[in-house]
Amino acid sequence: MQYKLNSKIEGRFASLAIKEIFELLKQFIDIKILKELEIIYPPEREMGDFTLPCFALAKSFRKSPAEIAVKLSKNIRLKKEGLIRKVKNQDTYLNFFINKERSAELILSEVFLKKDKIGESDIGKNRKIMIEYLSPNTNKPLHLGHSRNAFIGWSVSKILKTNGYKVIKTCLINDRGIHICKSMLAYQKMGNKKTPKSEKIKSDHFVGDYYVLFDKLRKENPEIEKEAQELLQKWEKGDKKVRALWKKMNNWALKGIKESCDELGVGFDKFYFESNYYKKGRYIILKGLKQKKFIKEGGAVLADLKKYNLPNKFLLRSDGTALYITQDIYLSYLKCKDYKLNKIVHVIASEQDLSQKQLFAILDILKFNAAKNMRHLSYGMVNVEGGKLKSREGVKVDIDSLLAELKGAAEAEIKKRNKKLSKKEIAGRAKVIVLGALKYYILQYGAKNIVNFNPKKSLSFTGNTGPYLQYTYARIIGIIQKNKSKVESRKLLMLLMLILANYLMRLTQV
RNA sequence: GUACCCGUAGCUCAAUUGGAUAGAGUGUCUGGCUUCGGACCAGAAGGUUGCAGGUUCGAGUCCUGCCGGGUACACCA
């Protein structure tokens with residue numbers, strides 16, 4: 001039975017206690033009203049373990065909330081062996097106190113049973129969710145903004161998995177379009193058959209360098225923009241030479257990006273490549289046009305979104321060619337065809353709030369049922385000490401240089417504190433610390449807030465930081481190891497500490 | 001111009017989604033300890049939650065209007 005009573009409090013033990021509270025209140029409160037009530041935690045421990053705000057009862061009791069609390073506390077009769085040992089009114093609240101021995105019994109038995117799986121649940125049993133995140137372009141390396149995306153996508157996936165959901169992590173690779181052609185063109189002009197190997201540069205950086213180079217060339221000669229357009233047209237026609245170059249450079253970019261993902265500790269179950277789908281939404285859109293769901297404007301197809309209070313959106317160009325949203329529409333269908341999904345989450349920066357709303361609205365017009373199960377998990381941008389991140393402007397905030405820089409700082413810090421460690425050991429520790437620091441720093445922000453990234457603060461070893469948690473973990477493990485041989489009765493404490501330690505550790509790993 | 005997001009302690013962020021006296025870290029100040037993992041401990045000061053209204057038993061949270069910052073509004077991706 002599902003009580004609205006417990007909507008804010010989770011856990012098996014708590015739900016047992018709340019069930020009992022429900023039973024206790026049943027004889028005084030009409031069951032309809034009772035089901036609408038909420039039990040919450042009191043702000044302070046001394047006030048009790050659970051509390052019932054009595055405001056909502058004022059109407060039906062025709063008394064002030066405080067009077068109701070008094071009346072209830074006087075009249076409720078507790079069960080002898082129950083979980084609740086005491087009821088007390090305080091102002092407008094009715095506070096419940098738990099029988100500590102009974103609750104300890106229950107909680108500890110659960111702890112021993114579940115061990116480090118404590119905290120897991122199965123509320124997502126039989127539900128399948130797709131988390132689409134990262135979605136990189138194949139013309140440059142990942143930057144700090146991508147890392148926020150990656151951490152959000154990855155941690156949401158882990159949280160869902162821990163709660164019993166079947167999670168499919170997907171990555172849409174934006175491997176097509178004018179931006180890709182720009183780095184290709186610069187390579188054609190200045191590449192001289194160089195390769196990442198010959199230049200000893202990480203392969204995605206190699207490609208990215210040509211993207212930056214394009215911008216330089218454009219400043220000298222604006223005509224080059226047209227050449228890029230021509231290159232795109234050749235690509236679309238399937239020109240063999242162009243396709244071969246595209247494939248080569250894409251592979252370089254992807255290889256490097258995947259290496260960076262490994263460094264960040266994130267991965268995927270399925271990749272979708274835009275180049276495979278960019279044309280395929282056309283059929284769906286033309287069909288919609290036939291059914292008068294869309295309109296034609298000067299040969300192009302347009303979705304009228306007035307009904308949704310959104311600006312209109314073009315779906316096909318007047319020459320019939322595809323736009324980005326063309327493949328987005330198709331992909332939505334494809335994902336549902338590939339997997340039986342209960343929900344799809346797009347982890348995409350807030351710059352795309354509008355276009356995501358438009359996409360969902362268009363899918364709604366198409367009566368694509370799954371559209372109502374699609375969500376945009378929007379997050380704000382990442383600033384570095386005042387300056388906005390932009391790889392085009394040449395600010396070095398790509399993930400690889402950032403990690404390297406942080407690692408250097410961490411190694412210095414480790415050396416200072418422990419002079420006996422081997423180089424390999426130091427490097428290993430630095431890697432763990434840096435990743436924990438970065439994840440914890442970025443994930444502590446609410447998703448919609450702008451992150452002010454400060455490399456020094458993120459790596460700080462004290463305060464509310466990843467390294468501090470890791471340090472606490474290490475200390476607890478140290479204490480456990482030293483006391484292993486001591487008295488039996490400590491075992492329980494040790495186990496509890498270990499569970500706590502693992503929990504802390506998980507926080508830096510989500 | 002229109003739409004969306006943000007505005008909380010000097011600084012960086014929380015606040016059980018409308019609940020009791022708005023909390024942490026950091027910085028500052030006071031005191032302790034001088035390295036059993038000291039990357040420490042105890043304490044203090046620090047707030048008109050951007051401003052003005054409204055809704056209600058109750059608002060940092062919801063509504064309206066302003067102010068400030070950001071983002072987006074292409075037959076780009």
Counting only side-chain nitrogens and oxygens, does [X] get under 4.0 Å of the OP1 or OP2 atom of [N]?
X: A:Asn312; N: B:A74; value: no
X: A:Tyr324; N: B:C76; value: no
X: A:Arg317; N: B:A77; value: yes

Quickly work out the [X] [atom1] to [N] [atom2] distance and round it to whole Å.
X: A:Leu57; N: B:G19; atom1: CG; atom2: C1'; value: 14 Å
X: A:Asp91; N: B:A20; atom1: CG; atom2: P; value: 12 Å
X: A:Ile329; N: B:A77; atom1: CD1; atom2: P; value: 13 Å
X: A:His376; N: B:U71; atom1: NE2; atom2: P; value: 16 Å
X: A:Tyr93; N: B:U16; atom1: OH; atom2: P; value: 14 Å
X: A:Leu323; N: B:C76; atom1: CG; atom2: P; value: 6 Å
X: A:Gln352; N: B:C76; atom1: CD; atom2: C1'; value: 11 Å
X: A:Glu351; N: B:G70; atom1: CD; atom2: C1'; value: 10 Å

### Task
Would you mind telling me which residue lines up with the more 5' stretch of RNA chain B, A:Val451 or A:Leu354, judged by nearest nucleotide?
A:Val451
### Task
For A:Thr51 and for A:Gly177, locate the closest nucleotide of RNA chain B by heavy-atom distance; then report the residue assigned to the nucleotide nearer the 5' terminus.
A:Thr51
### Query
Are any non-hydrogen side-chain atoms of A:Ile284 and A:Tyr333 less than 4.5 angstrom apart?
yes
### Task
Go along nucleotides 1-10 of chain B 5' to 3' and tag each nucleotide: B for a protein heavy atom under 4.0 Å from its base, S when only backbone or sugar atoms are that close, - otherwise.
---SSS----
In whole angstrom, give me the gap between the [atom1] atoms of [N] and [M].
N: B:G68; M: B:U8; atom1: C1'; value: 15 Å
N: B:G7; M: B:C51; atom1: P; value: 13 Å
N: B:G1; M: B:A44; atom1: P; value: 50 Å
N: B:C5; M: B:A9; atom1: C1'; value: 24 Å
N: B:C36; M: B:U26; atom1: P; value: 22 Å
N: B:C11; M: B:G19; atom1: P; value: 27 Å
N: B:A14; M: B:U30; atom1: P; value: 32 Å
N: B:G18; M: B:G25; atom1: P; value: 27 Å

With no hydrogens and no angle check, just 3.5 Å: does a side-chain donor-acceptor pair link [X] and [Y]?
X: A:Tyr308; Y: A:Asp364; answer: yes
X: A:Tyr445; Y: A:Asn452; answer: no
X: A:Asn139; Y: A:Ser183; answer: no

Counting Watson-Crick and G-U wobble pairs only, both distances under 3.5 Å, name the nucleotide matched with [N], or none.
N: B:A9; value: none
N: B:G1; value: B:C73
N: B:U34; value: none
N: B:A14; value: none
N: B:A22; value: none
N: B:G27; value: none
N: B:G47; value: none

Which part of the nucleic acid does [X] contact within heavy-atom distance under 4.0 Å: base, sugar-phosphate only, or nothing?
X: A:Glu274; value: sugar-phosphate
X: A:Tyr471; value: base
X: A:Ser318; value: base
X: A:Asp175; value: nothing
X: A:Gly299; value: nothing

Check for me whether the distance between the ring centres of [X] and [Y] falls short of 6.0 Å.
X: A:Tyr441; Y: A:Phe453; value: yes
X: A:Tyr211; Y: A:Tyr187; value: no
X: A:Phe268; Y: A:Tyr133; value: yes
X: A:Trp235; Y: A:Tyr278; value: yes

### A:Phe55 over B:G58, stacked by centroid distance under 5.5 Å, angle under 30°
no
### Query
Does the aromatic ring of A:Phe314 sit over the six-membered base ring of B:A74, closer than 5.5 Å centre to centre and tilted less than 30°?
no
### Message
Let's test your reading of the model: under 3.5 Å, does the base of B:A72 pair with the side chain of A:Ser355 as donor and acceptor?
### Response
no
### Message
Please report the interatomic distance CD(A:Glu413) to CG(A:Leu406), rounded to the nearest 0.5 Å.
### Response
12.5 Å
### Query
Can you tell which of B:A39, B:A77, B:U12 lies closest to the side chain of A:Thr462?
B:A39
### Task
Please determine if A:Lys335 and A:Glu132 form a salt bridge, counting it only when a charged side-chain N lies under 4.0 Å from a carboxylate O.
yes
